[in-house]
Amino acid sequence: MDSITRNRDTGTFRWWPSSPGSRRRYVEVAGIPVRTQYGINYRRTTGQPYSAVDQRGTHHTRNLGIVMEGACDKEARCITRQTAERIGVREPSDLLGALAFRDVTGTLTEEDVGRAAGVLGSEEKTRYAAALSGYEKGVNRRYAHFLQEFAPGEESECHTRLLAAIISGDVMALGAWLDERHGPGTFTGLFRTPGYFDPGLTA
């Protein structure tokens with residue numbers, strides 16, 4: 001089972017997962033543990049998020065939640081694809097089965113995303129297809145665009161560094177790597193909302 005330990009001197013908590021995952025940090029507010037860090041994403045005890053939600057319909061992302069989710073999903077898809085190839089799992093012949101297979105193996109095409117909207121059948125099937133299409137456009141495509149935008153020719157290296165930072169919760173190495181390519185303070189400049197430290201939001 002997961003466990004949380006409390007530092008009596010600082011009043012902070014640290015989450016120890018039963019299996020590998022993203023680092024989490026908690027602080028005590030009125031006797032209740034409040035999460036202030038998850039991977040490389042942060043949140044004030046007042047609830048103010050470190051990065052803002054992306055505008056609806058945008059192909060870009062400046063949201064750490066999207067970047068983290070996209071990075072983890074990209075890695076999971078890679079592992080699934082390699083496993084399927086190794087043991088000989090083939091793509092199903094029906095439309096929905098094929099789309100689901102391509103979704104979990106990271107081989108969806110632009111055409112597939114459009115085809116998902118045309119899936120017919122039960123309400124459950126159409127909702128699944130719509131969710132698949134929405135997630136692909138809203139998370140995976142935005143993450144792929146982020147890598148192309150800030151690590152052209154080095155997408156794989158950036159992805160690997162992002163994963164390491166997400167797991168450890170330490171952005172120093174990732175930040176230094178980005179700074180070498182885009183100038184000082186790149187990580188903060190990319191993601192932190194202007195009002196994150198607004199005095200009016202102090203707990």
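The backbone N or O of Gly183 sits less than 3.5 Å from a side-chain atom of Thr186, completing a donor-acceptor pair. Using modelled atom types, no side-chain atom of Asp54 and backbone atom of Thr61 make a donor-acceptor pair closer than 3.5 Å.
Using the six-membered ring where Trp is involved, Phe146 and Phe150 have ring planes that are tilted, between 30° and 60° apart.
With a 4.5 Å cut-off between side-chain heavy atoms of Ile, Leu, Val, Met, Phe, Trp and Tyr, the cluster of Phe101 takes in Ile87, Val89. Cluster partners of Val104 are absent, since no Ile, Leu, Val, Met, Phe, Trp or Tyr has side-chain heavy atoms less than 4.5 Å from it. Counting Ile, Leu, Val, Met, Phe, Trp and Tyr side chains that sit under 4.5 Å apart, directly or through other members, Leu163 stands alone, with no cluster partners.
By the criterion of side-chain heavy atoms lying less than 4.5 angstrom apart, applied directly or through intervening Ile, Leu, Val, Met, Phe, Trp or Tyr residues, Phe191 is grouped together with Leu147 in one hydrophobic cluster. No continuous path of hydrophobic side-chain contacts links Leu95 to Val113 [ILVMFWY only; heavy atoms under 4.5 Å]. Criterion: ILVMFWY side-chain heavy atoms under 4.5 Å apart, direct or through other members. Under it, Met68 and Leu174 are part of a common hydrophobic cluster. Tyr38 is not connected to Val139 by any chain of hydrophobic side-chain contacts under 4.5 Å among Ile, Leu, Val, Met, Phe, Trp and Tyr, and they are in different clusters.
When the side chain to side chain donor-acceptor pair (under 3.5 Å) test is applied to Glu110, the partners found at least two apart in sequence or on another chain are Arg141. Every residue two or more places apart in sequence or in another chain was checked for a salt bridge (charged side-chain N to carboxylate O under 4.0 Å, His left out) with Asp170, and none qualifies. With sequence neighbours excluded, no residue satisfies ring pair (Phe, Tyr, Trp, His ring centres under 6.0 Å) with Tyr135. Listed by chain and residue number, nothing satisfies the side chain to side chain donor-acceptor pair (under 3.5 Å) test with Asn41 (two or more places apart in sequence, or in another chain). Every residue meeting the side chain to side chain donor-acceptor pair (under 3.5 Å) condition with Arg62, not counting sequence neighbours, appears here in chain and number order: Glu149. Remark: Arg43 pairs with no residue by the side chain to side chain donor-acceptor pair (under 3.5 Å) rule, at least two apart or across chains.
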Between side-chain atoms of residues 71-83 and protein atoms elsewhere (two or more places apart, or another chain), which donor-acceptor pairs fall under 3.5 Å?
from	atom 1	to	atom 2	distance (Å)
Asp73	OD2	Arg77	NE	3.3
Asp73	OD2	Asn140	ND2	3.2
Glu75	OE1	His159	NE2	2.9
Arg77	NE	Asp103	O	2.7
Arg77	NH1	Glu136	OE1	3.2
Arg77	NH2	Asp103	O	3.1
Arg77	NH2	Asp103	OD1	2.6
Arg77	NH2	Glu136	OE1	2.9
Thr80	OG1	Ala76	O	2.8
Arg81	NH1	Thr105	O	2.5
Thr83	OG1	Ile79	O	2.8

What pairs of donor and acceptor atoms, side-chain ones from residues 119-130 against any protein atom, are under 3.5 angstrom apart with sequence neighbours left out?
from	atom 1	to	atom 2	distance (Å)
Ser122	OG	Lys125	N	3.3
Thr126	OG1	Ser122	O	3.4
Thr126	OG1	Glu123	O	2.9

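Closest of all the heavy-atom pairs between Pro49 and Thr193 is O-OG1, 3.7 Å. Closest of all the heavy-atom pairs between Phe187 and Val171 is CZ-CG1, 3.9 Å. The two residues Ala98 and Pro92 have their closest heavy-atom pair at CB-O, 3.7 Å. Contact detail for Thr58 and Gln55: the closest heavy-atom pair is CG2-O, 2.9 Å.
Remark: Asp179 CG to His182 NE2 distance equals 9.5 Å, nearest 0.5 Å. Here CG of Asp112 is found 9.0 Å from CG of Leu132. Values are rounded to the nearest 0.5 Å. In this structure, the separation between CG on Leu178 and SG on Cys158 is 5.5 Å, given to the nearest 0.5 Å. Between Leu162 atom CG and Trp177 atom CH2 the span is 8.0 Å, to the nearest 0.5 Å. One finds the CZ atom of Arg115 at 10.5 Å from the CG atom of Leu96 (value rounded to the nearest 0.5 Å).
No hydrogens or angles considered: a donor-acceptor pair under 3.5 Å links the side chains of Gln37 and Arg23.
Between Arg25 and Arg35 there is no side-chain heavy-atom pair separated by less than 4.5 Å. Residues Gln48 and Asp198 fail the side-chain proximity criterion, which asks for heavy atoms closer than 4.5 Å.
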Should Thr36 and Tyr26 be marked as a side chain to side chain contact (heavy atoms under 4.5 Å, CB included) after you check the CA-CA gap, both sets of side-chain angles, and the distance that decides it? CA-CA 5 Å; Thr36 57; Tyr26 294 78; over 6 Å; no
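Between Arg161 and Glu157 there is a salt bridge, since at least one side-chain N of the basic residue sits less than 4.0 Å from a carboxylate O of the acidic one.
Evaluation of the ring-ring contact (aromatic ring centres under 6.0 Å, His included) test over residues 48-81, restricted to residues two or more places apart or in two chains, returns Tyr42-Tyr50, Tyr50-Tyr196, His60-His145.
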